[in-house]
Amino acid sequence: MLAVTKITFSYKDHPVLSNISFNVDKGNHLAIMGESGSGKSTLLKGIFGELHLNEGTISWKERPLLGPNYNLIPGESFMKYVSQDFDLMPYTTVSENIGEHLSVFEQESHESRIAELLRLIGLEDYASEKVKNLSGGQKQRVALARAIAQEPEVLLLDEPFSNIDQFKKNELRYRLFPYLREKGISVLTATHDSNDILSFADGILVLKDGRIEDYQPTEHLFKNPKNKYVASLFGVVNEVPLNALKEYAKSNISILVYPHEFEISNKSGLVVYVANNHFKGNFYLIEGVSENGQLIFFNNKSSLQVHTKVFLNISLQLVNSRLKPLNENES
Ligand code: ADP
Ligand code: MG
């Protein structure tokens, strides 16, 4: 198990990480999410052993990792790290870049292992291409293949699909993450894009200004985000004062509601006038204006005429699961 305990880190006198603790079991996948500058990359660098931590400990299988003062070459051998600026050897081929990371003791199996990795990252046709001729996304895929070539026990991925186009991204996620799970490799993925990890991570740790803002199993965190910052990592979210609903007229509490969670009715509910429609493929995202400001909701079949009055409802079950004092997270 990877155990991170109360780590704190500053660049000179600029604090970047404060009191971060979490565990990752063997073969599990933890996502690190948060806005740009929240400390995701710094956290991964700290775990990899590139930083002199101010406080706290990191251990793997109960053995403490000692950091840059003790390791001649930065990083731990059982761990691989794919940084945001993956560095490859530009003048050698894709195969050579990957092969260089395979063990010298397995010379005979090199070719079949390289072929397997090329299939995994979808670059079979580029085996003999020089890396300098590849696109940014292709280079990123080579960096991934290099990192997993020797099946590390822990893999740290920093925005691993950021340079890869949408179409290839999905294919790669669905191939890579199940492969890593099958091999029992523990994974930490830093990303600001929930699509990267929602279907694959066991848990999500959310950072804000270098602190843990929320930390829960994936599905639970999505359904019970601690506050608006956390919910916003998954897209648009509404903050609805409950007293806008008849049943809760006396309430001074507001709840978070994702656009897909509103039910549209033509009888009763929160009164909203349609202001704008946005085509999203298999649904429409609709901006509405209510007494309490803008509300965003989805309509599945069609757009709605501007100025149309609609009623939005929130199920009792949802209200109960989201009930939170209005100011709980502002202190
Ligand atoms: P994220 O990956 O979530 O975008 P980072 O970990 O890269 O965030 O950065 C967190 C904070 O640390 C930011 O305020 C950033 O400006 C600062 N930072 C990152 N790298 C350095 C550095 N080498 N020197 C000084 N400050 C840095
Ligand atoms: Mg980063």
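Predicted, not measured: the structure shown is a model, and the values here were computed from it. Whatever order the structure lists ligands and atoms in, that order sets their numbers, starting from 1.
Neither side chain, N54 nor T8, offers a donor N or O lying under 3.5 Å from an acceptor on the other. No hydrogens or angles considered: a donor-acceptor pair under 3.5 Å links the side chains of E96 and T93. Looking only at atom types and distance, the side chain of T191 has no donor-acceptor partner in the side chain of D193 under 3.5 Å away.
In this structure, the protein non-hydrogen atom closest to atom 8 (O) of ligand 1 is G39 N, 3.2 Å. The protein heavy atom nearest to atom 10 (C) of ligand 1 is G37 O, 3.4 Å. When only non-hydrogen protein atoms are considered, atom 25 (C) of ligand 1 lies nearest to Y11 CG, 3.4 Å. Scanning the protein for heavy atoms near atom 7 (O) of ligand 1, the closest one is S41 CB, 3.7 Å.
Using a 4.0 Å cut-off to heavy atoms of E35, the atoms of ligand 1 that qualify are 3 (O). Residue contact check: H14 has heavy atoms under 4.0 Å from atoms 14 (O) of ligand 1. For ligand 1, the atoms sitting less than 4.0 Å from at least one non-hydrogen atom of T42 are 5 (P), 6 (O), 9 (O), 10 (C), numbered in the order shown with element in parentheses.
Between F177 and H29, the distance from one ring center to the other falls under 6.0 angstrom.
Under the 4.0 Å criterion applied to side-chain N and carboxylate O atoms, R63 and E76 are assigned as salt-bridge partners. Salt bridge E261/R322: present, at least one basic N to carboxylate O contact under 4.0 Å.
Backbone or side-chain N, O or S atoms of Q84 reach the Mg ion (ligand 2) at under 2.8 Å. Taking 2.8 Å as the threshold, S41 counts as a candidate ligand of the Mg ion (ligand 2), since one of its N, O or S atoms lies below it.
By the criterion of a heavy-atom distance under 4.0 Å, the side chain of V16, and not its backbone, is placed next to ligand 1.
Both cation-pi conditions hold for K208 and Y229: the charged atom is under 6.0 angstrom from the six-membered ring centre and inside a 45 degree cone around its axis. The side-chain tip of R173 points at the ring of F161 from less than 6.0 angstrom away and within 45° of straight on.
Residue G34 places no heavy atom under 4.0 Å from ligand 1.
Within the 4.0 Å cut-off (strictly below), no protein heavy atom is located near atom 16 (O) of ligand 1.
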